[in-house]
Amino acid sequence: SPSYSDTIDRIDFSNETTSAPGNNLSQARYGLAAVSSSSYGYFGGGYFSPPPTSVGTIDRLDFSNETTSPVTATLPQERSLLAGTSSSSYGYFGGGKENATFRNTVDRIDFSNETTSVPDNNLSSFRYSFATVSSSSYGYFGGGRPASGETVDIVERIDFSNETLSLPGDNLPRDRGLLAAVSSSSYGYFGGGFTFFPPPVSDTIDRIDFSNETTSPVTATLPQARSSLAACSSSSYGYFGGGQAPPTTDTVDRIDFSNETTSPVTATLPQNRSRLAAVSN
């Protein structure tokens with residue numbers, strides 16, 4: 001801030017140090033989303049400037065050597081402030097805005113050949129600035145902001161086996177948008193965000209239990225309340241990075257999946273920034 005960024009910053013899960021590997025996105029942009037296979041991370045959509053314009057660009061990060069390159073295929077719809085979730089075979093980009101037009105579309109990238117398509121099953125409502133978690137069978141889109149501008153608590157599920165979307169029935173305990181989320185093998189955690197109810201910037205963490213799809217607030221909160229952040233996860237921890245407190249921050253906070261305690265990570269992002277996206281290998 002105030003510039004748009006093409007930077008990729010890395011956190012090493014083994015020692016929680018951060019660095020900039022040196023290979024950046026093909027376009028400086030914000031409000032993008034990310035999905036990942038076992039070999040690559042894909043950053044899709046976002047606002048490109050000047051002027052702020054929604055794009056359909058997809059950039060690929062090769063986890064083996066940390067080189068980046070644009071994918072030939074683009075999102076079928078140019079959009080920003082969208083969210084992404086991944087199965088073992090596909091990545092799904094849902095919702096967002098195409099400039100002033102709101103979207104409920106879900107676009108798919110096939111990890112085997114990097115082609116994109118529209119599976120034809122859409123989100124139940126038009127919304128943007130939400131977050132996703134995933135189990136081995138389902139992806140969950142939580143929170144966000146609809147066209148009317150308020151924040152919502154909706155949790156919507158995509159079934160990876162047949163790409164149908166449904167409402168499991170349990171929503172987040174609190175309305176919010178501009179949040180981030182991480183997943184363990186058993187639970188998904190939605191953290192931070194913006195809400196119209198005081199306090200406007202949240203440090204709350206809500207949990208969805210993948211075994212029964214119930215939601216509940218986690219006792220521990222983020223050490224710093226903030227919105228417009230991003231998150232990634234190892235098998236043991238989830239990391240929430242960047243965002244607006246305000247001002248724009250470089251903070252990285254950690255949730256321990258074994259006991260659901262939170263703590264700030266000593267290392268910070270090399271750059272203050274918000275409305276970023278994150279992937280994990």
Side-chain angles (χ1 to χ4, degrees), residues 1 3-11 18 20-21 23-37 40-49 52 54-63 66 68-71 74-75 78-86 91-97 103 106-107 109 116 127-134 139-145 177-183 188-194 226-233 238-244 248-253 269-281:
S1 176
S3 301
Y4 292 179
S5 177
D6 61 2
T7 307
I8 295 177
D9 295 330
R10 183 184 73 186
I11 183 167
T18 57
N23 293 303
N24 298 329
L25 299 177
S26 64
Q27 281 179 317
R29 58 197 203 270
Y30 76 93
L32 64 168
V35 296
S36 55
S37 70
Y40 303 101
Y42 298 88
F43 297 86
Y47 276 124
F48 175 71
S49 178
S54 297
V55 298
T57 305
I58 301 174
D59 289 327
R60 186 183 76 183
L61 171 69
D62 187 326
F63 291 142
E66 296 180 336
T68 58
S69 57
V71 174
T74 59
L75 296 179
E78 296 175 343
R79 50 202 169 128
S80 58
L81 303 175
L82 64 167
T85 188
S86 312
Y92 298 90
F93 294 92
K97 295 173 64 178
R103 297 295 183 196
V106 176
D107 295 332
I109 181 169
T116 57
R127 56 191 168 124
Y128 64 100
S129 295
F130 50 120
T132 60
V133 295
S134 59
Y140 299 87
F141 298 85
R145 303 182 71 177
L178 300 170
L179 66 167
V182 294
S183 308
Y189 298 90
F190 295 88
F194 168 83
R226 59 198 198 272
S227 64
S228 301
L229 64 169
C232 61
S233 50
Y239 297 89
F240 295 86
Q244 292 181 333
T248 305
T249 183
D250 59 3
T251 304
V252 178
D253 293 328
L269 297 179
Q271 211 176 30
N272 292 355
R273 52 197 175 126
S274 63
R275 293 196 179 183
L276 62 167
V279 293
S280 313
N281 73 342

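The basis for the numbers below is simple: all heavy atoms, side chains too, and nothing from hydrogens, waters or symmetry mates. Count residues from 1 along the sequence.
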Between N272 and T249, does the side-chain contact (heavy atoms from CB on, under 4.5 Å) criterion hold? Intermediate values first, please. CA-CA 5 Å; N272 292 355; T249 183; 5.6 Å; no
Just by distance, no angles: are the side chains of T57 and Q27 close enough, under 3.5 Å, to form a donor-acceptor pair? yes
Check: L229 and R275 side chains under 4.5 Å, non-hydrogen atoms: no
Is there a side-chain contact between R79 and K97 (heavy atoms, below 4.5 Å)? no
Do the side chain of T85 and the main chain of T132 share a donor and acceptor less than 3.5 angstrom apart? no
Under 4.5 Å between any side-chain heavy atoms of I58 and T116, yes or no? yes
Report yes or no: does S228 contribute a side-chain atom to a donor-acceptor pair with the main-chain N or O of S274 at less than 3.5 Å? no
Can you confirm whether T68 sits close enough to R60 that some side-chain heavy atom of one is under 4.5 Å from a side-chain heavy atom of the other? no
Hey, are S227 and Q244 close enough side-chain-wise for a donor-acceptor pair under 3.5 Å? no
Heavy-atom pair of closest approach, residues V182 and F240: CG2-CZ, 3.9 Å
Trace of the side-chain contact (heavy atoms from CB on, under 4.5 Å) decision for Y47 with V55: CA-CA 6 Å; Y47 276 124; V55 298; over 6 Å; no
Please report the interatomic distance CZ(F194) to OG(S129), rounded to the nearest 0.5 Å. 10.5 Å
What is the minimum heavy-atom distance between F130 and G142, and which atoms define it? CB-O, 3.3 Å
Hey, are the side chains of S280 and Y239 touching, using non-hydrogen atoms and a 4.5 Å cut-off? no
Can you give me the closest heavy-atom contact between A34 and A278, atom names plus distance? CB-O, 3.6 Å
So OG of S54 and CG of L81: to nearest 0.5 Å the spacing works out to 7.5 Å
Could you tell me which non-hydrogen atom of S233 sits nearest to which non-hydrogen atom of S183, and how far apart they are? OG-O, 3.4 Å
Just by modelled atom types, is the G96 backbone N or O under 3.5 Å from a matching donor or acceptor in the R127 side chain? no
I'd like to know whether Q271 forms a side-chain hydrogen bond (donor to acceptor under 3.5 Å, both in side chains) with T7, so could you lay out the CA-CA distance, the side-chain angles of the two residues, the decisive distance to 0.1 Å, and finally the verdict. CA-CA 9 Å; Q271 211 176 30; T7 307; 3.2 Å; yes
Any side-chain heavy-atom pair of L25 and L32 under 4.5 Å: yes
Distance from R103 atom CZ to D107 atom CG, nearest 0.5 Å? 9.5 Å
Hey, are the side chains of E66 and R10 touching, using non-hydrogen atoms and a 4.5 Å cut-off? yes
Is there a donor-acceptor pair under 3.5 Å between the side chain of R29 and the backbone N or O of D6? no
Checking side-chain polar atoms at under 3.5 Å, does D59 have a donor or acceptor matched by the opposite partner on S26? yes
Nearest atoms (heavy-atom pairs only) where A33 meets G84: CB-N, 3.8 Å
Just jot down the side chain to side chain contact (heavy atoms under 4.5 Å, CB included) partners of L276, sequence neighbours excluded, or say none. A230, L269, R273
Determine, stepwise, if the pair N23 / I8 fulfils side-chain contact (heavy atoms from CB on, under 4.5 Å). CA-CA 7 Å; N23 293 303; I8 295 177; 5.9 Å; no
Classify the ring geometry between Y30 and Y4 as parallel (under 30°), tilted (30 to 60°) or perpendicular (over 60°). perpendicular
Closest non-hydrogen atom pair, A181 against A231: O-CB, 3.5 Å
What I'd like to find out is whether the side chain of R226 reaches to under 4.5 Å of the side chain of T251, using heavy atoms alone. yes
